[in-house]
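Atom set for the values below is all heavy atoms of this structure, side chains included, hydrogens, waters and symmetry mates excluded. All values reported here derive from a predicted model rather than from experimental measurement. Order of the sequence lines sets the chain letters (A, B, ...), proteins ahead of strands, with each chain counted from 1.
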Protein chains: 4
Amino acid sequence: MLMRAKSVTEQARRAQIVAAAIATIAELDYAETSFKAIAARAGLSSTGLISYHFKNKQELVDVVFADVLERFQDFVNARMGQAGAREELRAFLVANIAFLREHRADMVAFLRIRANAAVTDGGIAASDHTALATLLRQGQEAGEFRAFDPDVMAVFVLAMRNGVVLRSGSLDLDVCEQELVAAVDLATRS
Amino acid sequence: MLMRAKSVTEQARRAQIVAAAIATIAELDYAETSFKAIAARAGLSSTGLISYHFKNKQELVDVVFADVLERFQDFVNARMGQAGAREELRAFLVANIAFLREHRADMVAFLRIRANAAVTDGGIAASDHTALATLLRQGQEAGEFRAFDPDVMAVFVLAMRNGVVLRSGSLDLDVCEQELVAAVDLATRS
Amino acid sequence: MLMRAKSVTEQARRAQIVAAAIATIAELDYAETSFKAIAARAGLSSTGLISYHFKNKQELVDVVFADVLERFQDFVNARMGQAGAREELRAFLVANIAFLREHRADMVAFLRIRANAAVTDGGIAASDHTALATLLRQGQEAGEFRAFDPDVMAVFVLAMRNGVVLRSGSLDLDVCEQELVAAVDLATRS
Amino acid sequence: MLMRAKSVTEQARRAQIVAAAIATIAELDYAETSFKAIAARAGLSSTGLISYHFKNKQELVDVVFADVLERFQDFVNARMGQAGAREELRAFLVANIAFLREHRADMVAFLRIRANAAVTDGGIAASDHTALATLLRQGQEAGEFRAFDPDVMAVFVLAMRNGVVLRSGSLDLDVCEQELVAAVDLATRS
DNA sequence: TATGAATGAGCATTCATTCAT
DNA sequence: AATGAATGAATGCTCATTCAT
């Protein structure tokens, strides 16, 4: 696939639009997120500019999704690498809550995009799940976790985190973090 | 609140449209669910007929939401009423999965509507959470559950169930049920 | 033109619908007057009944217009027949205000229909004007009125009355009657 | 009230649409005036363009109304400023007929909009009446006019003018002007 | 006759996208 | 690269009218 390298200003503009799109999706509903609303938030004078920088709305959504995912993964990965699987799982959860604390809009936008299943990629979208399932499996092999279906447990853990994200407006995140770590540990350890 | 009794045909048509709306929301995205798509699925010749039977889109969505919620609650309540809180919680989870098995589209539609926050009611929408939090609190007082924040734990439990619903296309529900019951029990019992 | 005689109940229903249409046009704008609004005011269970009794909306409007006009003319004619033209003109104006006092909705509806030029008839619509112009002409020939264009003066007189009708919500009709009689007399007498 | 300055093209398009709206309202009924009819008259390819330039139909109607009113008032004011009240009243009437001669469609559209009471402004809509009533009152104080209710007389005078406007298709405006001036003078002078 | 369900054209409005500048 | 004007398809909704019962 041949594609021209993007210039610096081009990249800056795209980043600006992506940021505005995230803010818009997090503030309004996904269904209410229009180019007009994004352009207003980005201080752009025309929605045409969004179409100029992104092939279509789908591409913009995909880029937003990938952008948040990458920053999320970098953030979480930087806080993992613990010795044991239990500790690693705990670190994962703490990192998730930490990211949520600092980047609530990003996580909300991310979940809303995923909920509306508009992501074209597919592969990337599931990477979250796969990595966690792998960690759980390794912990089981190491005898740190009890016997359970790692894929299903991964669904559970990520769902709990998502629940916290969607309720983060009305919940105390310190309490959530503590309870989440405790509950997951109880549910998984051998 | 005065309202004329609805005729049998009227009720049948409304039920048909509600069913078509559920199917549409479950199949397409919530954002893509238009009167046209619903009418097509219901075999109606005109979107005008939907407007004839429902004041506006909001009312249709509200009715769909309330309809699923009522059937869900009847279904679950009929399977609860156990002696202890641990058993009650288990029964709640089993009933949830059983409903999902039989009415997957309903649950998906329900969650998608709630995710897009378009429900006018408000009170009803949270009843799920409140009832569960109360059960957890009672279990704690009875000494069956360990100490945790009941509201946060209710968020966790419902989030896990939601995770199963949204993944139910690719997961084995028997496994999910077993794992869900086990995980929640481990996370909550004293 | 052959047409079956209308039964008594048929006539009663038509009269009921016509009355409801008048009330609706007078209360709402002409543009907002729908079959639904008329049916509601008539206590009818279906707009289909209006279509059953009237070929289409145009016919209903025409009938409403002719109905008000006929009652108006009967009312006014019963109060005219004075000796001289000046007295006759005065009687015409007094009768107009009297009709307005008792049948404000009818006159408002009448004017609104005419303003929106939806009347098919044409001949009937102008009869008001023709009769008045004739009276003015006769008064001129009798030497009671000064020289003026009778058609134009008829437009003036009817316009003044219309102005009173449209403002009758906020004006004192006793004052209006007095001023109208005086002004028209001054403007016409020789 | 903050609003971005409109570009030259923008202003030109808006003016074009306003002109088309006036022509449409004057030609068709007010009730029949749709965006489609206006777009056709303006040579626009899409009704969407009207929505692009005007927030909604109400704003377009308000702008049309204010536009005609402003041009009318400028036109009339430029022809007034006479010494006495009688002369001033006469100048007002002559100016009205002159404007009608040159801008019949504008006046018809204006009256139709007002008749259908769709004007949001409210304040401006009545200025016509207030100014005239004031002139009449001043003329009475100066002894030029006889005793009458100035508000009612203002209603009469404006109603007469409106009558001429609505009949201007079938009346000789020269005759109307002459008769109007004479009739009003007779009805008001002391 | 009367009902209310059904029809399909029409409405204003929003939207992503294109295009000339 | 950026603007904003233009396009036309799509949306929810209303309407007069038709039709089976």
Contacts of B:Phe54 that satisfy ring pair (Phe, Tyr, Trp, His ring centres under 6.0 Å) - sequence neighbours left out: none
Distance in angstrom units between D:Glu59 CD and E:dT13 P, rounded: 10 Å
Contact nearer the 5' end of DNA chain F, comparing C:Lys55 with B:Lys57: B:Lys57
Under-4.0 Å side-chain N/O to phosphate OP1/OP2 contact, C:Thr9 with E:dT1: yes
side-chain hydrogen bond (donor to acceptor under 3.5 Å, both in side chains) partners of D:Arg104, counting only residues at least two apart: D:Ser168
Qualifying residues under side-chain hydrogen bond (donor to acceptor under 3.5 Å, both in side chains), relative to A:Glu10, sequence neighbours excluded: A:His53
Secondary structure string for DNA chain F (Watson-Crick or G-U under 3.5 angstrom, | for other-strand pairs): .||||||||||||||||||||
Donor-acceptor contact present, side-chain D:Arg112 to main-chain D:Leu28, <3.5 Å: yes
Value in whole Å for how far the P atom of E:dA12 lies from OH of D:Tyr30: 10 Å
Under the side-chain hydrogen bond (donor to acceptor under 3.5 Å, both in side chains) test, residues paired with D:His103 that sit two or more places apart: none
Whole-Å distance separating the CG atom of D:Asn56 from the C1' atom of E:dT14: 13 Å
Atom pair distance, as rounded to whole Å: CD1 in C:Ile17 and C1' in F:dA16: 14 Å
Nearest-Å distance for atom pair CZ/P, residues D:Phe35 and E:dA12: 6 Å
B:Arg13 vs E:dA6: side-chain N/O to OP1/OP2 distance below 4.0 Å: yes
All pairs passing salt bridge (charged side-chain N to carboxylate O under 4.0 Å, His left out) where residues 14-23 of chain A contributes a residue, at least two apart: A:Arg14-A:Glu59
Side chain to side chain contact (heavy atoms under 4.5 Å, CB included) involving B:Asn162 - partner list, sequence neighbours excluded: B:Leu111
When the side chains of residues 39-51 of chain A are checked against the rest of the protein, which donor-acceptor pairs come out under 3.5 Å, sequence neighbours left out?
unit_1  : atom_1 : unit_2  : atom_2 : d
A:Arg41 : NE     : A:Thr24 : OG1    : 3.2
A:Arg41 : NH1    : A:Glu27 : OE1    : 2.7
A:Arg41 : NH1    : A:Glu27 : OE2    : 3.0
A:Ser46 : OG     : A:Gly48 : N      : 2.9

Interface with DNA chain E, restricted to residues 40-54 of chain B and to heavy atoms under 4.0 Å: B:Ser45, B:Ser46, B:Leu49, B:Tyr52, B:His53
Between C1' of E:dT1 and CD of C:Gln11, the distance in whole Å: 15 Å
d(CD, B:Glu32; P, E:dT14) in whole Å: 20 Å
Residue whose nearest DNA chain E nucleotide is more 5′ - A:Thr33 or B:Glu10: B:Glu10
Any donor-acceptor pair under 3.5 Å from B:Arg114 side chain to B:Phe65 backbone: no
Gap between atoms CZ and P, on C:Arg14 and E:dT1 respectively (whole Å): 12 Å
